[in-house]
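Structure, as structure tokens:
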Amino acid sequence: AGRGMARLARAARIVGTGATRVAARSGRTPSELMEGALRAVLAQASLRLRDLDGLLAVPSLSHPRFMAAHHIATKVGLLSKGGVVVRKLDTGGAGPITALLEAKRMVESEACQAVAIVAGDAVGGMDSPTFLERADAGCRPPHADESSPEFLRSPVIPHGYARCTRYHMDRFGTTREQLAMVSVLMSRCAARHPGALTRSPRTLAEVLRAPQVAPSVGLLECARRADGGAAVVVASSRFLERRGVARRGNGGSGDVVILGGGEASGPLHPPPVIDEEMFSCEQAARSAFTACQLEPEDIDFFGLYDCFPICFVRAVEAVGLAPKGGGEDWVEARYRESEEAGGALSPAKFPVNTHGGLLAFGAPWEVPAMYNVHEAVRQLRWTARGRQVERARRALVYGNGGVFSASAVALLARAVNE
Ligand code: MLC
């Protein structure tokens, strides 16, 4: 019994999720969105602000702040007591997953009892020139003028992904249609989620007809710019036992255990000649599976990053749903099945991004990987309603930063009642 208790004391659990509505424009600042998400997660987890002894935040683009985590912690009054660990983490869109793994370490090795992770941004509310200027500045290779092979024209991020897309098309024979099918599948998922920005499914023709943003990247194949805030709380099981919080608050088995994960990095700017080495998602997924001694067949739900179709296709391969170079055929097979099913696949047949991902649920800059976590938690709590993957027990969540520059993968499990 003693050893069992010791093991329990070290386990890190997600005990709550909270979010503001994702909106095309909210009129709110990232700090306000983060605060809204923080209040929501505390309410859901039946915790008070003073229960927190850790806070992690990811940076925002619309209102960049020096020490953004300290800013939000000060704003909500968390720093009026001592003993609180506060950190901003920057791995781009991988941030929320990096933070999840960091929170696990804080609980397991730094003796934190409850760590909140908050993310929020208002890029939907930014006017187009300001958004593009800032987004371009972050990802444009420095010192590269138009004659240089590194040069990426504006919008820089879609052009960076277009370069990777071209590589994948040339090397593996991916078709333009297969890429567009990713957006169709995401929109069909989003249409089932009452909180998603995309309310109605798109057809393949609509996606292919949309204005081109970069070569082989149409407007409906870009992460959908939005405002929103999202948060989770990670707590130690010893703290939860002392408080009796999780079991009571969540109806017996509502906690989600963070089993472990993996991270990897690639170049900040896509090299002029793309090679397999730059796709850090595969390495991150491999590390996560090895760390947890699990295999793709053990996973019931996948929250995959899909800022552009190529990211999703590479993710499908990285997490083992399809072999390398087979991601696009896997996508096409799911698309054909969904056509036959009359437009939407059951979650059992498509246990991936049941909320619609960045392409369709909404993408407030570095927040969206948090939506992957929220959807995974719902799936593992068996509260995903019309989107539920029956009896889901384990989930994989993946976040990507930059252009495959940072990859973070975490594996989560439905807690077993002691
Ligand atoms: C845009 N629209 C969409 C959509 N994307 N509608 C449905 N699905 C989508 N996926 C709609 C908008 O809501 C808007 O509708 C209209 O299309 C025009 O979009 P816009 O953004 O207002 O236009 P514009 O300012 O011209 O810019 C277009 C764009 C930009 C494609 C250049 O949206 C863009 O850069 N998007 C990608 C954002 C991005 O790069 N995110 C980071 C991903 S990388 P209406 O009705 O208002 O006209 C990542 C990693 C990391 O995630 O580290 O961050």
Side-chain angles (χ1 to χ4, degrees), residues 22-25 58-62 89-98 119 121-140 152-162 164-165 179-180 182-191 196-203 206-207 209-214 217-228 265-266 268-270 280-281 304-312 314-315 353 356-372 398-408:
V22 64
R25 274 159 214 86
V58 302
S60 78
L61 188 77
S62 70
L89 297 174
D90 186 359
T91 54
I97 312 296
T98 298
D121 212 334
V123 290
M126 294 171 85
D127 61 67
S128 298
T130 312
F131 170 73
L132 282 180
E133 195 185 305
R134 288 204 195 151
D136 285 358
C139 296
R140 172 176 285 138
L152 290 170
R153 67 178 66 248
S154 181
V156 168
I157 298 175
H159 277 94
Y161 281 94
C164 303
T165 304
L179 295 163
V182 175
S183 177
V184 175
L185 288 169
M186 290 305 106
S187 71
R188 285 176 176 168
C189 288
L197 263 191
T198 302
R199 299 302 332 138
S200 50
R202 305 160 188 149
T203 64
E206 275 165 357
V207 176
R209 249 198 336 259
Q212 180 173 300
V213 171
V217 178
L219 183 62
L220 300 179
E221 294 159 284
C222 296
R224 188 165 183 180
R225 199 145 74 87
D227 289 7
S265 297
L268 181 55
H269 313 294
S280 53
C281 47
L304 303 184
Y305 210 80
D306 61 319
C307 48
F308 296 89
I310 188 60
C311 186
F312 185 84
R314 293 296 309 205
N353 292 7
L358 282 80
L359 292 172
F361 183 82
W365 200 235
E366 315 301 26
V367 180
M370 195 77 98
Y371 298 140
N372 290 356
Y398 158 51
N400 157 58
V403 185
F404 300 105
S405 319
S407 297

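Order of listing sets the numbers, starting from 1, for every ligand and every atom in it.
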Inset, instruction - Verify, without hydrogens or angle tests, whether Asp136 (side chain) and Val156 (backbone) share a donor-acceptor contact under 3.5 angstrom. - result: yes
Inset, instruction - Give the contacting part of Val403 toward ligand 1: side chain, backbone, both or neither, where contact means a heavy-atom distance below 4.0 Å. - result: neither
Inset, instruction - State the atoms of ligand 1, each with its element, that fall below the 4.0 Å cut-off from a heavy-atom position in Ser128. - result: 24 (P), 25 (O)
Legend entry - From Asp136, Val367, Leu219 - option closest to atom 31 (C) of ligand 1 by heavy atom: Leu219
Legend entry - Side chain to side chain, Val403 and Cys164, heavy atoms closer than 4.5 Å: yes
Inset, instruction - For residues Ser265 and Ser280, determine if any side-chain heavy atom of one lies less than 4.5 Å from a side-chain heavy atom of the other. - result: no
Inset, instruction - For the residue pair Pro96 and Asn372, establish whether any side-chain heavy-atom pair is separated by less than 4.5 Å. - result: no
Inset, instruction - Please answer whether the main-chain N or O of Gly92 pairs with a side-chain N or O of Asp90 as donor and acceptor at a distance below 3.5 Å. - result: yes
Inset, instruction - Could you tell me which atoms of ligand 1, counted from 1 in the order shown, lie closer than 4.0 angstrom to a heavy atom of Val213? - result: 31 (C)
Inset, instruction - Compare all side-chain heavy atoms of Met186 with those of Asn353 and state whether any distance is below 4.5 angstrom. - result: yes
Legend entry - Nearest-contact summary for atom 35 (O) of ligand 1 - protein heavy atom, Å: Phe131 CE2, 3.5 Å
Legend entry - atom 38 (C) of ligand 1 touched by protein (heavy atom, under 4.0 Å): yes
Inset, instruction - Ignoring hydrogens and angles, tell me if any N or O in the side chain of Ser407 forms a donor-acceptor pair with the backbone of Cys281 under 3.5 Å. - result: yes
Inset, instruction - Report yes if the side chains of Glu133 and Ser154 come closer than 4.5 Å at any heavy-atom pair, otherwise no. - result: no
Legend entry - Distance-minimising heavy-atom pair for Arg202 and Glu206: CA-OE1, 3.1 Å
Legend entry - Trp365 N/O to ligand 1 N/O under 3.5 Å: no
Inset, instruction - Tell me whether the guanidinium CZ or amine NZ of Arg225 lies under 6.0 angstrom from the six-membered ring centre of Phe131 and within 45° of its axis. - result: yes
Inset, instruction - Pick one of side chain, backbone, both or neither for how Arg202 approaches ligand 1, counting any non-hydrogen atom pair under 4.0 Å. - result: side chain
Inset, instruction - Say whether Glu366, considering both its backbone and side-chain N or O atoms, lies within less than 3.5 Å of an N or O atom on ligand 1. - result: yes
Inset, instruction - May I ask whether atom 6 (N) of ligand 1 is less than 4.0 Å from at least one protein heavy atom? - result: yes
Inset, instruction - Could you tell me whether atom 46 (O) of ligand 1 has at least one protein heavy atom nearer than 4.0 Å? - result: no
Legend entry - For Gly92, the ligand 1 atoms whose distance to one of its heavy atoms is below 4.0 Å: 53 (O)
Legend entry - Any protein heavy atom nearer than 4.0 Å to atom 14 (C) of ligand 1: no
Legend entry - Proximal candidate to atom 53 (O) of ligand 1 [heavy atom criterion; set Gly402, Gly357, Ala94]: Gly402
Legend entry - Distance from atom 10 (N) of ligand 1 to nearest protein heavy atom, with residue and atom: Cys222 O, 2.7 Å
Inset, instruction - For residues Glu221 and Val182, determine if any side-chain heavy atom of one lies less than 4.5 Å from a side-chain heavy atom of the other. - result: no
Inset, instruction - May I ask you to identify the nearest protein heavy atom to atom 40 (O) of ligand 1, giving residue, atom name and distance to one decimal place in Å? - result: Ile157 CG2, 3.6 Å
Inset, instruction - Determine if the distance from atom 27 (O) of ligand 1 to the closest protein heavy atom is below 4.0 Å. - result: no
Inset, instruction - Please confirm whether Gly93 comes within less than 3.5 Å of ligand 1 when only nitrogen or oxygen atoms on both sides are compared. - result: yes
Legend entry - Shortest non-hydrogen separation from Trp365 to Ile157 and the atoms involved: CH2-CD1, 3.6 Å
Inset, instruction - Number the atoms of ligand 1 from 1 as they appear, then name those within less than 4.0 Å of a heavy atom of Gly401, with their elements. - result: 53 (O)
Identify every side-chain donor-acceptor pair in residues 305-312 under 3.5 Å, counting partners at least two apart or on other chains, and give the distances.
{"residue": "Asp306", "atom": "OD1", "partner": "Leu358", "partner atom": "N", "Å": "2.7"}
{"residue": "Asp306", "atom": "OD2", "partner": "Leu358", "partner atom": "N", "Å": "3.2"}
{"residue": "Asp306", "atom": "OD2", "partner": "Leu359", "partner atom": "N", "Å": "3.2"}

Inset, instruction - Might you point out which heavy atoms bring Ser187 and Ser200 nearest each other, and give the distance in Å? - result: CB-O, 4.4 Å
Inset, instruction - May I ask you to list the atoms of ligand 1 that are less than 4.0 angstrom from any heavy atom of Tyr305? - result: 49 (C), 50 (C), 52 (O)
Inset, instruction - Answer yes or no: does an N/O atom from Thr198 fall short of 3.5 Å to an N/O atom of ligand 1? - result: no
Legend entry - For ligand 1, the portion of Cys307 having any non-hydrogen atom under 4.0 Å away: side chain
Inset, instruction - Give a yes or no on whether the backbone of Arg153 and the side-chain of His159 come within a donor-acceptor separation of less than 3.5 Å. - result: yes
Inset, instruction - Select one of side chain, backbone, both or neither to describe which atoms of Leu359 lie under 4.0 Å from any atom of ligand 1, heavy atoms only. - result: backbone
Legend entry - Minimum-distance protein heavy atom relative to atom 12 (C) of ligand 1: Arg224 NE, 5.0 Å
Legend entry - Nearest-neighbour protein heavy atom for atom 22 (O) of ligand 1, which is reported as residue plus atom name and distance: Arg225 NH2, 3.4 Å
